[in-house]
Amino acid sequence: MSELSRAAADGFRDFSADVDPCQRAWVEVSPQAIEANAAALCRHLAERSSLMAVVKADGYGHGAVTVARAALKGGATCLGVATLQEGIELRQAAIEAPVLLLGNLTQPEELRSCLDWALMPTLSGMREALLCQNLADGTGRRFPVQLKLDTGMARLGCNWEEGPRLVDAIRQLENLELRGVYSHLACADGDLNGNDAAITAQQNQRFQDVLNHLPRRGRDLCRHLANSAGTLLGHDLHYDMVRVGLALYGHAPAQHLEGVIPLQPALTVKARVTLIRSIRAGVGASYGHRFISERPTRLAVVGIGYADGVVRSLSGKIHALHRGKALPQVGAITMDQLLLDASEAPELDTGSSVTLLGCDGESQISPQDWSSRCDSIPWEILCGFKQRLPRVEI
Ligand SMILES: *Cc1c(COP(=O)(O)O)cnc(C)c1O
């Protein structure tokens with residue numbers, strides 16, 4: 001029986017039939033999972049609050065256009081990206097929803113491009129506001145922009161105390177259309193009872209203070225503060241919109257926020273076994289011989305490595321799944337390949353595909369499983385998968 005029909009007979013879904021047989025590793029993305037997560041998030045939101053799907057960094061590695069379409073289908077009404085090029089990519093794919101650039105643009109050329117592509121820049125002060133005012137002059141159009149306030153992150157945004165004055169000043173610029181004011185939480189995924197919760201409360205208080213002191217005409221602005229963690233924490237952080245990345249992709253930003261709403265992981269990383277070999281006891285494998293077999297061992301060489309996004313510092317700390325069975329990864333992860341101990345999986349064959357991250361039947365390996373073992377975070381793991389891995393929609 002072939003590998004595929006055996007897999008089908010076993011009841012494990014094996015999508016490798018849909019995959020280019022010339023690929024040795026790939027990322028499977030489920031638009032349905034993204035859509036379901038967006039819908040679950042929308043149901044969870046406070047009344048009158050809406051969902052911005054954050055699709056920066058190529059949709060956290062899932063493919064920005066795929067994610068944007070699925071999230072809009074699930075109820076998101078706005079998209080967030082980090083860079084100008086990420087915004088243009090969405091427009092080139094004929095996506096028409098409002099797009100906010102979360103990063104700061106510095107060059108007049110970048111801002112002009114924003115205006116041309118109907119992308120909303122974030123302003124942190126009068127410098128960018130005046131640039132935008134000049135750029136829109138004579139175009140007959142008003143430039144939609146949003147103002148960012150720093151309430152306790154010390155990254156982008158103006159000092160929160162200056163918020164009311166700046167809102168007023170920007171509103172005086174006739175070529176600008178101020179659509180929103182927002183801020184960003186620094187510690188929302190931290191401890192519920194410690195300092196982190198106090199910092200989140202302080203940021204929320206500062207944001208609230210600014211909103212209370214807005215000039216009367218400023219009260220119709222779209223106000224937003226929460227990321228995934230803030231969104232899952234509670235309604236008092238939702239305001240008019242929430243900006244959700246990680247949860248949209250199916251992952252809770254902290255252990256204590258798991259299960260607040262049902263989330264489905266949308267990404268699976270798979271790779272093919274390119275060679276099976278048997279080694280005797282006492283044989284060193286891969287660079288530095290960090291693994292030495294204790295017994296005769298059946299090794300599977302898999303065509304994926306750190307140049308694909310399987311972090312080298314995870315060497316010897318992870319496993320791969322094959323039909324629900326966990327196969328330990330052994331030895332140093334190399335640039336393009338890694339080794340599995342397949343002694344307990346005699347059915348694993350050359351050309352078989354294994355799951356490095358994501359679901360396989362009832363078993364699952366989460367980005368959190370990886371990040372906790374290599375001093376990272378799930379966000380970094382997800383956006384670490386390189387372009388060398390083709391994205392396949394399932
Ligand atoms: C990336 C980003 C988000 C999304 O954060 P998650 O924790 O992934 O939900 C929200 N707001 C801003 C400003 C961001 O840069």
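Whatever order the structure lists them in is the order used to number ligands and atoms, beginning at 1. Numbering of residues begins at 1 and proceeds along the displayed sequence. For the numbers below, each heavy atom of this structure counts, side chains included, while hydrogens, waters and symmetry mates do not.
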inquiry  = Against F143, only a single residue in N134, L178, D137, L115 fulfils side-chain contact (heavy atoms from CB on, under 4.5 Å); can you say which?
reply    = L115
note = Sorted by chain and residue number, the residues having a heavy atom closer than 4.0 Å to an atom of ligand 1 are V54, K56, Y60, L102, K148, R155, H184, N227, S228, R243, V244, G245, L246, W379
message = Show me the pairs that pass ring pair (Phe, Tyr, Trp, His ring centres under 6.0 Å) and involve residues 173-197, at least two apart or across chains.
response = Y182-H224
key: Sole candidate of K270, R24, K386 that passes salt bridge (Lys or Arg N to Asp or Glu O under 4.0 Å) when paired with D308   = R24
task = Using only heavy-atom distances, determine whether the side chains of R295 and S343 contain a donor-acceptor pair under 3.5 Å.
result = yes
query = Does CZ in R142 sit with more than 12 non-hydrogen atoms of other residues, nucleotides or ligands closer than 6.0 Å?
reply = yes
task = Please check if any side-chain donor atom of E380 sits under 3.5 Å from a side-chain acceptor atom of Y60, or the reverse.
result = no
